[in-house]
Amino acid sequence: MGKCSGNFSDGAFVTLMATPAAGTTFTGWGGDCSGKSTCMLTMSSNKSVTATFGTQSRLSVNKIGMGTIVSTPAGINCGATCSAVYSDGTTVSLVATPSNDYTFAGWSGASCFGTGPCFVTMFGAQSVTATFN
């Protein structure tokens with residue numbers, strides 16, 4: 001955790017931008033700023049701002065047989081992309097759709113099972129297998 005400060009004249013316009021390090025994501029501002037976009041302050045008194053960063057992890061999907069896997073939030077669309085990085089704590093929903101002449105046999109891995117949607121809460125790397133017959 002790092003702290004920094006600066007002195008500015010009354011009426012000065014200060015812009016703060018958060019740049020996450022590799023493997024992290026910016027999750028938002030606190031204190032005198034809020035949200036995830038650029039923090040803009042007009043100095044009229046002492047201000048206090050907190051920038052919060054979180055870790056990210058990769059979700060990988062192994063596909064057996066023919067079909068597509070799509071995630072919400074976006075990121076995975078197997079055929080084309082079978083892995084994506086999400087902020088830890090994010091719940092990712094995976095939906096399987098079999099190709100013609102195939103059926104979806106089910107999920108395995110992470111916390112997924114059965115043939116309905118798969119829900120994975122990200123904390124560290126996760127791997128899921130989708131089987132189509």
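- Considering all non-hydrogen atoms of both residues, V120 and C118 come closest at CG2-SG, 3.6 Å.
- Taking each heavy atom of R58 and S83 in turn, the nearest pair found is NH1-OG, 3.0 Å.
- Between the side chains of S44 and D10, no donor-acceptor pair of N or O atoms lies under 3.5 Å.
- Taking each heavy atom of Q56 and V85 in turn, the nearest pair found is CB-CG1, 3.4 Å.
- Listed by first then second residue, pairs satisfying side-chain hydrogen bond (donor to acceptor under 3.5 Å, both in side chains) with a partner in residues 93-122 read T91-T121, not counting sequence neighbours.
- For the pair L59/M122, a side-chain contact is recorded, criterion being any heavy-atom separation below 4.5 Å from C-beta on.
- Linking ILVMFWY side-chain heavy atoms closer than 4.5 Å, directly or via other members, places V61 and I64 in two distinct hydrophobic clusters.
- Distance check: I69 CD1 to K63 NZ gives 7.0 Å after rounding to the nearest 0.5 Å.
- In this structure, the side chain to side chain donor-acceptor pair (under 3.5 Å) partners of S71, at least two apart in sequence or on a different chain, are Y86.
- Contacts of D32 classified as side chain to side chain contact (heavy atoms under 4.5 Å, CB included), with partners at least two apart in sequence or in another chain: L41, K47, S48, V49.
- The ring pair (Phe, Tyr, Trp, His ring centres under 6.0 Å) analysis of residues 30-67, with sequence neighbours excluded, yields the pairs F26-F53.
- Shown here are the side chain to side chain contact (heavy atoms under 4.5 Å, CB included) partners of S34, two or more places apart in sequence or in another chain: there are none.
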Solution key, residues 124-133 side-chain donor-acceptor pairs under 3.5 Å, sequence neighbours excluded:
none

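- Side chains of T90 and P73 form a contact here, defined as non-hydrogen atoms less than 4.5 Å apart.
- The shortest distance between side-chain heavy atoms of T52 and W29 does not fall below 4.5 Å.
- Tested against I76, the residues V70, L94, V95, T68 include a single side-chain contact (heavy atoms from CB on, under 4.5 Å) partner, L94.
- With values rounded to the nearest 0.5 angstrom, N46 atom CG is found 9.0 Å from N7 atom CG.
- Contact check for M43 versus V14: side-chain heavy atoms found under the 4.5 Å cut-off.
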